[in-house]
Student: 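One structure, as structure tokens, below. Some questions next.
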Protein chains: 2
Amino acid sequence: MTTLRDVAREAGVSVATASRAINGHSNVTAPTKAAVLAAVKKLNFVPHSGARSLTRRKTDTVGVILPDLFGEFFSEIIRGIDLVAHESGMHLLLGNMHGSTHETAAAIAAMRGRVDGLLVMPPDVKPELLSGYLDPALPTVLLNYDAGSLDLPFVAVDNYHGAYAMTEALLERGAQQVVHIAGPKHNRDARDRQRGFADAMAKIAKVQSPAILPGDFSEESGAQAARLLVQGRLPVDAVFAANDQMAVGLIAELAGSGVSVPGDIMVAGFDDIPLARHLNPSLSTMQVNIDRLGSTAMMMLLRILRGETLGAASATILTPTLVARGTTGGAVGVAANEKTPVVGARP
Amino acid sequence: MTTLRDVAREAGVSVATASRAINGHSNVTAPTKAAVLAAVKKLNFVPHSGARSLTRRKTDTVGVILPDLFGEFFSEIIRGIDLVAHESGMHLLLGNMHGSTHETAAAIAAMRGRVDGLLVMPPDVKPELLSGYLDPALPTVLLNYDAGSLDLPFVAVDNYHGAYAMTEALLERGAQQVVHIAGPKHNRDARDRQRGFADAMAKIAKVQSPAILPGDFSEESGAQAARLLVQGRLPVDAVFAANDQMAVGLIAELAGSGVSVPGDIMVAGFDDIPLARHLNPSLSTMQVNIDRLGSTAMMMLLRILRGETLGAASATILTPTLVARGTTGGAVGVAANEKTPVVGARP
DNA sequence: GGCAACTAGGTAACCGGTTACAGAAACAAA
DNA sequence: TTTGTTTCTGTAACCGGTTACCTAGTTGCC
């Protein structure tokens with residue numbers, strides 16, 4: 001493992017000069033610089049980033065702490081982050097809290113001295129706890145989490161208005177009895193979507209306590225809700241699931257019970273996962289550009305690293321857009337212009 | 001930012017003692033240790049991992065270099081790696097070569113001094129080039145890439161036998177005219193799958209030059225192949241696409257042209273992406289446990305880090321399993337036991 | 001020619017930890 | 001009491017870079 005000392009010796013200069021030559025400082029004559037670079041090439045020298053970041057007090061790395069790594073949702077976030085990070089020559093250090101609050105603390109602590117900033121998505125951690133884990137000296141942007149009291153910048157999806165809009169759309173299509181399948185109780189996204197649904201039902205349909213079935217964002221819980229609906233003979237002509245996965249489970253189960261979608265019941269989801277457009281009938285949903293979530297957060301973090309001061313006031317709220325497809329009678333099959341993008345397709 | 005020096009001063013001991021107390025060395029008396037730990041708590045000290053790894057000469061981090069981050073394929077690999085890495089207290093540093101060979105070199109070089117080992121997936125980089133980029137002193141495991149000449153351990157999918165098996169299955173189902181849609185020409189996976197197909201056709205159906213249409217793993221290229229088939233009026237009763245994405249595009253386009261699947265043409269893919277089981281009819285395919293690819297590679301890397309010597313001989317080949325579904329007439333709709341696993345479902 | 005201003009490059013301190021080595025204290029054995 | 005052994009703690013070197021500061025050599029100007 002060749003070090004800068006080796007290079008300096010080979011080139012017949014001091015380590016200081018070698019360092020300067022390599023880093024392109026001006027006060028090195030051309031021949032000296034050439035000699036150093038020749039030595040670098042000859043010895044195959046690659047600077048030791050660890051040592052480098054120790055003195056420079058920057059690591060060119062950002063820590064990304066996610067609750068989990070399952071599914072397209074997180075992979076899209078990571079891709080969005082990477083897109084921006086890569087442009088600025090930043091690296092990504094992945095931390096996974098594996099769903100446990102305790103591990104969150106560990107994951108954040110382990111980042112000290114490895115990263116210049118942090119992107120954290122802590123869906124079920126209480127703000128008070130979170131503030132104890134976070135290092136105030138380490139620039140941090142929160143993903144999909146509004147911890148206003150901490151005054152940290154964040155990027156979130158406007159779940160409330162998204163859910164409101166979707167509910168409104170269902171009602172406009174003629175639905176009278178809309179049932180909501182909720183997400184996990186402690187999950188903020190889920191709660192906001194439920195609120196949006198309830199408010200829309202109250203204001204537009206004048207229904208004060210609409211039917212809400214429990215769910216946990218899993219496909220199976222969607223199927224379960226379908227069984228409840230069918231067996232319970234609830235009066236239903238539309239179902240709004242808090243996410244697409246549950247809608248998928250619901251539709252499969254309804255089909256099995258001979259219920260026609262959208263003939264008997266309209267169905268809508270939330271997220272627009274890639275699967276949504278390929279279902280038959282295709283799934284109406286609220287489209288969230290998940291990668292934007294990541295790239296926006298990363299851009300905010302870069303601004304902080306460049307010296308700007310960003311607080312909760314600089315938060316970005318991404319608005320989801322409604323995509324009407326087959327399950328609400330909007331369209332049948334895959335629309336021609338709705339193919340999955342070609343970029344980077346892989347086996 | 002509190003350092004070990006601060007802690008030592010606060011506790012009234014030397015840095016050496018403080019370090020020993022924190023790291024649980026035996027030669028520290030109980031009261032001294034308690035004093036140090038009290039100081040740690042009081043000052044909220046978290047060791048600086050960067051400095052730590054400089055002296056210990058290990059970073060507890062592995063570098064993961066992937067060609068891209070698009071889609072479930074990569075996210076599953078990362079999840080598999082993380083699963084194993086997390087158990088051993090290792091962190092993941094993500095490097096993305098963004099499809100370019102030139103960036104591959106940069107990505108690998110940037111890892112020096114940041115990681116203890118490397119997991120690299122270099123699908124379109126020539127072995128000769130790759131060997132120039134890699135540091136022989138840095139433990140490395142290759143993903144889905146057999147660079148036998150470099151004598152590096154690797155984990156790969158048995159694409160050849162998978163394709164052979166699928167072709168065989170189509171023929172057994174009564175297909176006479178099987179057409180293959182190939183993947184990118186330079187892609188190893190694609191080439192191996194094509195070879196498997198061709199060999200099966202030769203051996204079983206005694207067809208020496210079966211029809212092969214070009215493709216690039218993208219959905220659009222599958223649709224294009226469908227148009228060729230329909231317009232060209234090729235004699236076809238089964239199509240084996242080199243990956244699921246192309247099969248998806250193909251099926252959508254066939255449906256648009258009034259061709260019935262599997263009635264007129266059977267269709268099969270490769271990979272078993274989550275979407276596959278949800279299509280209508282559901283897609284027959286070769287199931288690859290992608291996360292296993294990542295976790296197996298990570299386990300091999302850990303063995304090397306523990307001192308074992310692993311070469312190309314220790315390679316692991318994962319065998320894909322055939323999943324017969326609707327598009328080959330095997331089953332209709334979503335089979336009851338084929339729901340997506342519940343674990344970690346997210347919005 | 002003499003002095004100031006500038007430039008290239010060397011010396012050594014430093015980043016924040018770990019650890020080899022040495023010294024001091026405590027205790028046991030002679 | 002003296003010496004040997006053990007146990008705990010401190011001093012300082014080190015990991016591999018960066019950079020403040022300093023020196024020596026040039027050049028410029030009066």
Side-chain angles (χ1 to χ4, degrees), chain A residues 1-40 43-61 109-116 135 137-138, chain B residues 1-40 43-61 109-116 135 137-138:
Chain A
M1 185 132 295
T2 62
T3 74
L4 188 62
R5 259 92 181 163
D6 302 327
V7 173
R9 194 178 317 118
E10 174 73 27
V13 298
S14 73
V15 284
T17 305
S19 172
R20 285 190 279 250
I22 290 170
N23 291 302
H25 290 208
S26 59
N27 49 354
V28 182
T29 53
T32 310
K33 185 170 179 177
V36 171
L37 294 184
V40 165
L43 301 180
N44 223 317
F45 171 74
V46 179
H48 188 288
S49 326
R52 203 144 195 254
S53 57
L54 190 56
T55 49
R56 308 231 333 242
R57 294 154 153 286
K58 60 194 285 271
T59 58
D60 295 323
T61 304
M111 292 284 171
R112 149 121 216 256
R114 294 178 194 275
V115 301
D116 296 336
D135 178 350
L138 195 64
Chain B
M1 186 130 296
T2 62
T3 73
L4 189 62
R5 258 93 181 163
D6 302 327
V7 173
R9 194 179 317 116
E10 173 75 25
V13 298
S14 72
V15 285
T17 304
S19 172
R20 286 189 278 250
I22 290 170
N23 292 302
H25 290 207
S26 58
N27 48 354
V28 183
T29 53
T32 310
K33 184 170 179 178
V36 171
L37 294 184
V40 165
L43 301 181
N44 223 318
F45 170 75
V46 179
H48 188 288
S49 326
R52 203 143 194 258
S53 57
L54 190 56
T55 49
R56 309 232 330 242
R57 299 157 148 285
K58 60 195 286 268
T59 59
D60 295 323
T61 304
M111 292 285 170
R112 148 122 216 254
R114 294 179 193 274
V115 301
D116 296 335
D135 177 351
L138 195 63

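Per chain, numbering begins at 1; letters A, B, ... match sequence-line order. All figures in this text were calculated on a predicted structure; none of them were measured in a lab. The figures here come from the full heavy-atom set of this structure, side chains too, leaving out hydrogens, waters and symmetry mates.
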Student: Protein-nucleotides 9-12 of chain D N/O pairs closer than 3.5 Å?
Tutor:
unit_1, atom_1, unit_2, atom_2, d
dT9(D), OP1, T29(B), OG1, 3.0
dT9(D), OP1, T32(B), OG1, 2.4
dT9(D), OP2, T29(B), N, 3.1
dG10(D), OP2, S14(B), N, 2.9
dG10(D), OP2, S14(B), OG, 3.0
dG10(D), OP2, T17(B), OG1, 2.6
dG10(D), N7, R20(B), NH2, 2.8
dG10(D), O6, R20(B), NH1, 3.3
dG10(D), O6, R20(B), NH2, 3.3

Student: Contact between L138(B) and V115(B) at the side-chain level, heavy atoms closer than 4.5 Å - yes or no?
Tutor: yes

Student: Only pairs under 3.5 Å count here: list side-chain donor-acceptor contacts from residues 26-36 of chain B, not counting sequence neighbours, and write none if there are none.
Tutor:
unit_1, atom_1, unit_2, atom_2, d
T29(B), OG1, T32(B), OG1, 2.6

Student: Determine yes or no for a side-chain-to-main-chain donor-acceptor pair under 3.5 angstrom, with N23(B) supplying the side chain and H25(B) the backbone.
Tutor: no

Student: Using a heavy-atom cut-off of 4.0 Å across all strands, would you classify R57(A) as base, sugar-phosphate, or nothing?
Tutor: sugar-phosphate

Student: Taking only residues two or more places apart in sequence, or in another chain, which ones meet D6(B) in a salt bridge (charged side-chain N to carboxylate O under 4.0 Å, His left out)?
Tutor: R9(B)

Student: State which residues pass side-chain contact (heavy atoms from CB on, under 4.5 Å) with A39(A); sequence neighbours excluded, sorted by chain then number.
Tutor: V7(A), E10(A), A11(A)

Student: What pairs with A110(A) under side-chain contact (heavy atoms from CB on, under 4.5 Å), at least two apart in sequence or on another chain?
Tutor: H91(B)

Student: According to side chain to side chain donor-acceptor pair (under 3.5 Å), who are the partners of S14(B), at least two apart in sequence or on a separate chain?
Tutor: T17(B)

Student: If the helix axis at each end comes from five base pairs, how far does the helix from dG1(C)-dC30(D) to dA30(C)-dT1(D) deviate from straight, to 10°?
Tutor: 60°

Student: For S49(A), check side chain to side chain donor-acceptor pair (under 3.5 Å) against everything at least two apart and list the hits.
Tutor: none

Student: How is S19(B) classified with respect to the nucleic acid when contacts are heavy atoms under 4.0 Å: base, sugar-phosphate, or nothing?
Tutor: base

Student: Enumerate the salt bridge (charged side-chain N to carboxylate O under 4.0 Å, His left out) contacts for residues 46-61 of chain B, please, sequence neighbours excluded, ordered by first and then second residue.
Tutor: K58(B)-D60(B)

Student: Indicate the atoms forming the closest heavy-atom contact of M1(A) with A137(B), along with that distance.
Tutor: CE-CB, 4.4 Å

Student: Using a heavy-atom cut-off of 4.0 Å to chain A, what are the terminal contacting nucleotides of DNA chain C, in 5' to 3' order?
Tutor: dA8(C) to dG17(C)

Student: Of all of residues 48-56 of chain B, which get a heavy atom below 4.0 angstrom from DNA chain C, listed by number?
Tutor: H48(B), A51(B), R52(B), L54(B), T55(B), R56(B)

Student: Please list, chain by chain and in numerical order, all residues satisfying side chain to side chain donor-acceptor pair (under 3.5 Å) with T59(A), sequence neighbours excluded.
Tutor: D116(A)

Student: Can you see which heavy atom on F45(A) is nearest to which on L4(A), and at what distance?
Tutor: CE1-N, 3.5 Å

Student: State, to 0.1 Å, how close T61(A) and R114(A) come at their nearest heavy-atom pair, and which atoms those are.
Tutor: CB-O, 3.6 Å

